Amino acid sequence: MPKRAFFKLDEDKKERIMRSAIDEFHKCGFEKANVGIIAKNADIAKGSIYWYFENKRELFLYSVRWTLELFMKKIDVKTPLKDMDVFDYFLSNSSERASLLKEEYTLVLFSQDVMIGKFGNLTELADHEMWDLADKYMLLLIDAGKRKGTIRDDIDDDILVLFFKGAIYKTEEFIFKKIQEHGFDITDEFHKELEVMINNMVLLLKQGMGR
C-alpha cells in the first residue's frame, strides 16, 4: 500500500503517478521497469516515488489495485453499485471491457498481463491484490441480489463468489482473445457480437445462481 504522503496528494497527481507506473510495468515487466522513468513521465522527482511508496514492489501491487478500482468506478458511474446485482454487473463489466479498451487501452492490457501471469514471482501477490478487492465487491453484489430476490439464498455466499468469479475470468479471457483476433478494432458489428455472447452468459448464470 502507498504511504500516507501519497494519499495527501491531489487526485490529478495521484492519477499521473499511477498511469505512469502502469505504463512502465506493462511495457517492461516488473524487473526491468525503471522507477526513474516512472517519475520522469509523472513529472515528479525520482526520490518522490520512495516518499510515496516503500519500494517498487509496493508501487506495482498498488498499480494492480488502482487499475481494478478505476474500472469499478467507471462501471459504478454508469450503474450505481447499490442498484446492481451480479447480473447487472456482469453485463456492465463485460460490455464495458470492449469500450474501455478504446479509452483505457494500457490499463486493460496491464490487467490482462496480471491475469496471464506475466509478472513471474509476483503473480501470486498480484492475483491476491486483484481478487481480494474483487471478492469484496462481488459479495456486495450478491448481497444486493439476495435482497432484491434475484439471487438464490439457499447457497453459501462464498460458493456463489467462486462460481461467479470463474464465469467472469473465463468470459473476459474469451473477450480479450476475440478483441486480439480483430486487431483491437472494436466495430459496431463486433460490439453487437459481444453483446449477444454476454447476454447468453447471463442467461446461463441465472440458471445456476438466479431465482
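Hydrogens, waters and symmetry mates are skipped; everything else that's a heavy atom, side chains included, is used. None of the values given here were measured: they were computed from a predicted structure.
The 12-atom threshold is exceeded at CD of E69, counting heavy atoms of other residues, nucleotides or ligands nearer than 6.0 Å. For K40, the NZ atom is loosely surrounded, since the number of other residues' heavy atoms within 6.0 Å does not exceed 12. Taking a 6.0 Å sphere around NZ of K27, one finds it holds 12 or fewer heavy atoms contributed by other residues, nucleotides or ligands. Shown here is N200, whose CG atom has more than 12 heavy atoms of other residues, nucleotides or ligands within 6.0 Å.
With respect to the salt-bridge test (charged N to carboxylate O, under 4.0 angstrom), the residues D143 and R147 qualify. With respect to the salt-bridge test (charged N to carboxylate O, under 4.0 angstrom), the residues R16 and D12 do not qualify.
Applying ring-ring contact (aromatic ring centres under 6.0 Å, His included) to Y62 and the options Y52, F6, F25 leaves one that passes, F6.
Although no hydrogens or angles enter the test, the distance criterion places no donor-acceptor pair under 3.5 Å between the side chain of K118 and the main chain of F110. Side-chain atoms of S111 come within 3.5 Å of backbone N or O of V108 as a donor-acceptor pair. Side chain of E24 to backbone of N34: a donor-acceptor contact under 3.5 angstrom is found.
When all heavy atoms of L160 and R152 are compared, the pair lying nearest together is CD1-O, 3.9 Å. Nearest heavy-atom pair, W51 versus A5, reported as atom, atom and distance to 0.1 Å: NE1-CB, 3.3 Å. Of all the heavy atoms in L205 and A167, the pair that sits closest is CD2-CB, 3.8 Å. When all heavy atoms of F7 and K14 are compared, the closest pair comes out as O-NZ, 3.8 Å. Taking every heavy atom of both residues into account, L70 and L107 meet most closely at CD2-CD2, 3.2 Å. In plain terms, the two heavy atoms of R65 and D132 that are nearest each other are NH2-OD2, 3.3 Å.
Inter-residue side-chain proximity for M115 and Q112 is flagged as met; some heavy-atom pair is nearer than 4.5 Å. The closest side-chain heavy-atom distance from K3 to E58 is not below 4.5 Å.
For the atom pair CD (E54) and CG (L59), the distance works out to 12.0 Å, reported to the nearest 0.5 Å. Taking CD1 of I22 as the reference point, atom CG of L109 lies at 11.5 Å (rounded to 0.5 Å). Separating the NZ atom in K46 from the CD1 atom in I37 is a distance of 9.5 Å, to the nearest 0.5 Å.
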Decide yes or no on side chain to side chain contact (heavy atoms under 4.5 Å, CB included) for K136 and L140, but give the supporting numbers first. CA-CA 7 Å; K136 291 174 183 175; L140 290 173; 6.0 Å; no

Determine, stepwise, if the pair E104 / R19 fulfils side chain to side chain contact (heavy atoms under 4.5 Å, CB included). CA-CA 10 Å; E104 297 291 359; R19 287 186 180 277; 2.8 Å; yes

Determine whether L125 and F60 satisfy the following criterion, side chain to side chain contact (heavy atoms under 4.5 Å, CB included), listing intermediate values before the conclusion. CA-CA 10 Å; L125 285 173; F60 168 74; over 6 Å; no

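Cation-pi contact between K56 and F30: present, with separation from the ring centre below 6.0 Å and deviation from the ring axis of at most 45°.
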